[in-house]
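Down below is the structure, laid out as C-alpha cells.
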Amino acid sequence: MTAELVRGQNHPLPQARLEIRVSAGKPIVAGATLGDEQGTVRGTEWVAHPGSPHLPGVEVSKQAAADHRLAVDLGALPASVHRVSVLLALPLGVGGPSSFGALAAPFVAVTGLDGSEVASYTVTGLDSESAVVALELYRRHGAWKVRAMGQGYAGGLAEMLADQGLPQANELAAAIQEAVSSGLARSVQAPPPRAQDDDRARHTASRTRARQEQAGSGTTPADATPTPAPAAPDSPRGSVAGAPSAAVPGGPETGAPQASGGPIDYAHPRRQNTAPPPPPPTPPGQPAQPVAGDATGWSMEERLYNQVWGMFEDLARTTAAYRSAVDFAESRMEQELDKVLSDPRSRIGTAGDTARQAARAKHDNLVEQARVVLERDLAQLIAEAEVVEPALPPAFASWHNPTWHGYRAPMEIPMALRLGDLQLPESPDLRIPMLVRLPLERGLWIDSGRSGSEAALMMDSHQLRRAAMDTAVAHAARLLAAYPAGEFTVHVIDPAGSGALALAPLTGSGVLDAAPAAGAQGVSAVLAKLTQRVDLVQMAVRGRAADALPPDLDTAEQLLIVNDFPHGFDDRAVTQLRYLADEGPAVGVHLMMVADREDTSEYGPVLDPLWRSLLRVTPVPDDHLIDPWVGHVWTYEPMLPPTGSQVLQEVLARVAAARRSLRG
C-alpha cells in the first residue's frame, strides 16, 4: 500500500533498487547528493546532476524536464554514505518561472522497478524558493527509510548545497546551470573509446560458455573470435549503423555516428552492477530456461536493451562459427581431392573413387557436426526471443505487441527505439529487434527505389513509393510515442502532395503543428525555419547564452520528413538539407528522407555526403545491412503495423491528446 507522506514523515523502504519519479508540470532540474552520517556532502564528486548524472548507486536526468525518473540502488552506495537527498531546482535564464511559488506543487514518488509506489509526497508550501530538498533517503540501524523534507531555499542551488556542507557550492551551482543550458542543444554524448577485441571476445565467450554450462554442453567452435571486417562506405550495402551502434541492438552508448561510413563499435555495454537473481537451476542435460531481462542494468528497460544486444551478438557469433566450419570442410575436401587427382596411381580406378568418397564423407560429417551445434544454439535463441518479445516496452516492441494497446505518453525518453528486425539466412525464424539509440545520432533515408531485393522486384515504382511513405509514417509515429508529450515535433515537406494518403494518420490525428509544406515556397519556409533553429541553438551553446534564445523557440526534438526528394528542391534547398543532415542531430534536428537515390543522379556526387550521413532502411525486406564486426549480410525487415490494424491511429490519437492536455 502506498504511503502518502506529509512534511517530516518517514516510511521504511522494502527494497534496495528504486526509482524516484518527479512531476512538476514545468521543466525543472533534478539531482541528488550523497551525505555522510552527519549529512555532510564531502565534495562535488558526491553530487549527481545533469552535468555529471552518474554516481555509484545513483543516476539522475541529464537535462531539465517536467518529469524525471531517478534510479537509486541503495546496495551499490559506498559504505560511508548514509543519506541520499533528492534535489529539485529551477533552471535559470530560460524564460521560465523564478520560484516554485509560481508552479503547481511538485509531486515526488518512490517506486519499485515495476512501477509500484512505495511512498509519495506533494511538496507544498513553497513560495519564493528556487531550490528544494524534496526527499531524503537515510540509513538507520542498517535499514533504509525515506523522509519527506520539503526544505526550500530562496538562494537557489548555491544556498542549498552550502547548507549541506559543500565548500564549492557556488562553483558547482554555476556548473549545474551551465549544463542545463547546454541541454537545450540535445547534444549527443560522445561515445567512449572502442573496446579492445580481446575484451569483447572475453565477454561474448563468457556469455556463450555460461549458456552452454547451463545447457550441460561443452565448448563449441563459436568460441572463436571473428575478425572485424569494415564495410565500404560507398557500397550499395551500408554498414549496420542502425544495427548495433545505432544499435541493433545496439550501439549502445558505445555506438559512434557513421557519417563517413567508418567501422562501428560493437562493444557490449558493461554496467558494473548486479544482475537480477538467476532462474532456478535446470536438470543436467536440459537447455537453460530463458528469462526476460537476464542482462545487467539499472532498470528493466536497460536490462532488456542489453539482452537484445546479447542475442544479436550470440546469433552473429554462432552463425560465423557455422560458416567458418563449412568453409573449412570445403577447403579440406578440395585439398584431399587435389591430392587424389595429382597422384597418377589414384587418379583412376577403385582407389581414386574410394579416396574421393572418403573426402566427401569427411566433408559431410564436419558440416553435419557444425549444423547440429548451430541448430542447438538457434533453438536456445528462438526460445529466448519468445520470452523477451512480450516483455519489451513500447519503444522496443513491435506493433503486434499488446503493450501498445495500453500506451500512455512516457515521462522520459527511452534508451532506444525499434526500427525493424534483423535476420540471417541460416535462421529465417529468428528475428532480432533492430534498436537505435535516442536521441537519434543519424537521420534516416527510406529508400523508395528498386533495391534489388525479391520483395522490391515484385512491386512497381508507385507501390514502392507508397510503401516508403507508409514506413516513414510508422517510424515517425514511434518517435512521437517514445517522447514525453510536447518534446518531439514533426514537420513534413511534400512538394507535390503525392504522399497525402500515406500521411493521413499524422494529419488526421492532429500531431502535426502545421500541414505538410507543398510547393517551392512551402519547402523554402520549412527549411529556413529549421536552419535558423540550428544556427540559433549552436550560437547559444557555444556562447553559453541559452537565456538569449527567443522565448518562442521550440526546444523540442525536431523531425523533418521529406517526400519525393529531389523533386521541388532547388540548389539552395539541397544545400540546406545537407546542412541539416550534418549539423542538425547535435542540436535536436533530424532528417527522414523518402527518396530513390537514382533520382538524384543529375546532381552528381554532390549528394553523396548526404546519403552517407543517413542510415538507410527500406520499406520491404532487404539484405542491405552489413555488420563490420564479422561481415555478415543482415536482412532488414521494416517495422509496420499489422494489415487492417488501427493500432497506429490509436497511438497517434493518444499522443495528440497528451499534447493538447499539456498545452491546455
Side-chain angles (χ1 to χ4, degrees), residues 1-26 28-41 46-48 55 57-61 66-77 80-90 99-157 159-166 411:
M1 184 175 179
T2 303
E4 297 183 4
L5 306 180
V6 296
R7 185 174 182 177
Q9 189 176 4
N10 62 50
H11 186 76
L13 296 174
Q15 59 202 77
R17 303 186 70 182
L18 304 163
E19 281 190 348
I20 298 174
R21 304 186 178 188
V22 180
S23 179
K26 296 290 185 180
I28 63 171
V29 182
T33 59
L34 307 182
D36 57 18
E37 287 184 285
Q38 288 73 42
T40 301
V41 180
W46 280 35
V47 183
L55 291 181
V58 177
E59 182 174 356
V60 304
S61 303
D67 299 289
H68 293 270
R69 288 188 181 182
L70 285 63
V72 178
D73 186 350
L74 299 174
L77 294 171
S80 56
V81 172
H82 290 259
R83 298 187 190 181
V84 179
S85 299
V86 178
L87 318 178
L88 308 179
L90 296 176
S99 67
F100 277 103
L103 297 178
F107 175 79
V108 188
V110 180
T111 75
L113 297 184
D114 59 356
S116 58
E117 283 193 9
V118 176
S120 64
Y121 172 45
T122 301
V123 190
T124 58
L126 299 177
D127 186 11
S128 61
E129 297 89 345
S130 59
V132 60
V133 178
L135 294 177
E136 179 183 73
L137 313 183
Y138 64 99
R139 178 162 29 198
R140 184 68 52 84
H141 304 301
W144 284 89
K145 295 183 177 181
V146 57
R147 178 186 289 120
M149 296 292 290
Q151 177 63 52
Y153 296 86
L157 273 171
E159 182 182 355
M160 179 169 58
L161 294 171
D163 189 48
Q164 296 187 23
L166 183 66
M411 292 193 296

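Remember, it's a predicted structure, so these values are computed and weren't measured experimentally.
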Could you tell me which non-hydrogen atom of [X] sits nearest to which non-hydrogen atom of [Y], and how far apart they are?
X: Ser23; Y: Asp67; answer: OG-OD1, 3.0 Å
X: Ala154; Y: Ser130; answer: O-OG, 3.8 Å
X: Lys26; Y: Leu103; answer: CG-CD2, 3.4 Å
X: Val132; Y: Gly150; answer: CG2-C, 3.7 Å
X: Leu70; Y: Ala30; answer: CD1-CB, 4.0 Å
X: Val84; Y: Ala32; answer: CG1-CB, 4.3 Å

Contact between [X] and [Y] at the side-chain level, heavy atoms closer than 4.5 Å - yes or no?
X: Val110; Y: Tyr121; result: no
X: Val6; Y: Thr124; result: no
X: Val47; Y: Val41; result: yes
X: Leu161; Y: Leu87; result: yes
X: Val22; Y: Ile28; result: yes

Who are the side-chain hydrogen bond (donor to acceptor under 3.5 Å, both in side chains) partners of [X], not counting sequence neighbours?
X: Ser61; result: His68
X: Ser80; result: none
X: Thr33; result: Gln164

Task: With sequence neighbours excluded, residues passing side chain to side chain contact (heavy atoms under 4.5 Å, CB included) with Ala134 - done: Leu88, Val108, Val123
[atom1]/[X] to [atom2]/[Y] distance, rounded to the nearest 0.5 angstrom?
X: Leu113; Y: Leu18; atom1: CG; atom2: CG; result: 7.5 Å
X: Thr40; Y: Arg83; atom1: OG1; atom2: CZ; result: 8.5 Å
X: Thr111; Y: Arg21; atom1: OG1; atom2: CZ; result: 4.0 Å

Open item on the list: Around atom CD of Gln15, are there more than 12 heavy atoms from other residues, nucleotides or ligands closer than 6.0 Å?
Closed with: yes
- [ ] Check step by step if side-chain contact (heavy atoms from CB on, under 4.5 Å) holds for Leu55 and Val60.
- [x] CA-CA 9 Å; Leu55 291 181; Val60 304; over 6 Å; no
Could you go through residues 135-149 and list every donor-acceptor pair under 3.5 Å that involves a side-chain atom there, pairing it with any protein atom two or more places apart or in another chain?
unit_1	atom_1	unit_2	atom_2	d
Glu136	OE1	Arg147	NH1	2.6
Tyr138	OH	Asn10	ND2	3.2
Arg139	NH2	Ala79	O	3.4
Arg139	NH2	Val81	O	2.3

- [ ] Keeping to residues at least two apart or across chains, list the salt bridge (Lys or Arg N to Asp or Glu O under 4.0 Å) pairs with something in residues 118-130.
- [x] none
